[in-house]
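Contents: one structure, followed by commentary.
Quantities reported herein were computed from a predicted structural model and do not represent experimental measurements. Within every chain, numbering begins at 1; the chains are lettered A, B, ... in the order of the sequence lines, protein sequences first and strands thereafter.
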2 protein chains.
Amino acid sequence: MPASHADYSIGQAARVAGVKVPTIRYYEAQGLLTPPPRTEGNQRRYGAAEVARLAFIRHARELGFPLPAIRDLLSLSDHPDQSCDAADAIARAQLAEVERRLENLTALKSELERMVDQCQGGRIANCRVIEVLANHDQCLAETHNPVT
Amino acid sequence: MPASHADYSIGQAARVAGVKVPTIRYYEAQGLLTPPPRTEGNQRRYGAAEVARLAFIRHARELGFPLPAIRDLLSLSDHPDQSCDAADAIARAQLAEVERRLENLTALKSELERMVDQCQGGRIANCRVIEVLANHDQCLAETHNPVT
DNA sequence: CTTGAACCTATAGCGACTGGAGAGTGTACC
DNA sequence: GGTACACTCTCCAGTCGCTATAGGTTCAAG
């Protein structure tokens, strides 16, 4: 393979994969990327496969997968002969988590809208925003979960 | 005021306000609570107003307000004569943030559902979960934002 | 007066990065 | 072939909002 197996500097790999340079080094430190070969001057050089792996990680991160789950998914994709039950389970767990967060956020949104709608722009003393925050009793949301 | 202005230990305040003990000390260190009086033996004692303040903070946190925003809201509620425009603006900003996250999460959810639906339980080599993660092109989501 | 729960401070850790300092390297241009 | 300068290196600190631990002190009930 001629130039297709070309080397990317860490900055080029970062641009192509859409991640930041320190993030790549961080992923390496966390074991999501195997340490790449270096130039004589100790600079990392990446091939197309590593860049693809980076894009995979980025995409999974955008989908909210935590790094340990991504580590698992990567090791699965490194062994294509196995059953994909495990990958499926990870994705389903993530879907459940996303649905949970969606519910929380939706409840949140309606309460915030209620707060904002009721504020008529007077004095703090009559401000619904402050009042709603002060009186938990009036709260619609019953989340005991962290809210993010 | 007799016993209504009663003193609470940090643990009692925590139970009543629904936060954890170290969290109270953390809020104090972050300047959201003024340092309360202490017993001779150096233990914090809180009054009803501080407990209410804690509940306010807790509720705002449940609504996802970051601590700096809560600091602002608290200082607003300490000055009830001012206009509530500022409080309104903070709440609106938070609402916008929540809506942004909701959009991201909704896009996410459909992509995860797509991934999971398409997985037919075969080998990794044909697994849609892995494949979708590897090919960002097929992605529905256009988020460049963090996904949480 | 003794026990034991609750409290104190200080510090470190979480997850997933991000930013900076200070030094070394690679490369494009003249 | 030199020089300028962007890029890269490592290491360490900071972000956010807590949470947990260690090792010591105090409070309140019996």
A correct 5'-to-3' footprint of nucleotides 4-12 of chain C, with B, S and - meaning base, sugar-phosphate only and no protein heavy atom under 4.0 Å, is ---SSB---
Atom-to-atom span, CD of A:Glu40 to P of C:dT25 - whole angstrom:
11 Å
Value in whole Å for how far the C1' atom of D:dC11 lies from CD of A:Glu28
14 Å
Side chains of B:Arg58 and B:Leu54: closer than 4.5 Å at any heavy-atom pair?
no
Taking atom C1' of D:dA20 as reference, at what distance in whole Å does atom OH of B:Tyr26 sit?
15 Å
Please report the distance, rounded to the nearest Å, between CG in B:Asp7 and P in D:dA28.
10 Å
If you measure from the Lys or Arg side-chain nitrogens to the Asp or Glu carboxylate oxygens, is any gap between B:Arg53 and B:Asp78 under 4.0 Å?
yes
Comparing nearest nucleotides in DNA chain D, the 5'-proximal residue of the pair B:Ile57, B:Thr39 is B:Ile57
Check this one for me: any side-chain N or O of B:Tyr27 less than 4.0 Å away from OP1 or OP2 of D:dC18?
yes
In whole Å, I'd like the distance from the CD1 atom of B:Ile24 to the P atom of D:dC18.
12 Å
Length of the CD-P vector between A:Glu97 and C:dG15, whole Å:
15 Å
Check whether any side-chain heavy atom of B:His59 sits under 4.5 Å from a side-chain heavy atom of B:Phe65, and report yes or no.
no
Do A:Thr39 and A:Asp7 touch side chain to side chain, with heavy atoms closer than 4.5 Å?
no
Distance alone, cut at 3.5 Å: any donor-acceptor contact between the side chains of B:Arg92 and B:Gln94?
no
Over how many whole Å does the gap from B:Arg61 atom CZ to D:dT19 atom P extend?
10 Å
Write down the distance between NZ (B:Lys20) and C1' (C:dC14), rounded to a whole number of angstrom.
13 Å
Could you check whether A:Arg100 pairs with A:Glu97 (Lys NZ or Arg NE/NH1/NH2 to Asp/Glu carboxylate O, under 4.0 Å)?
yes
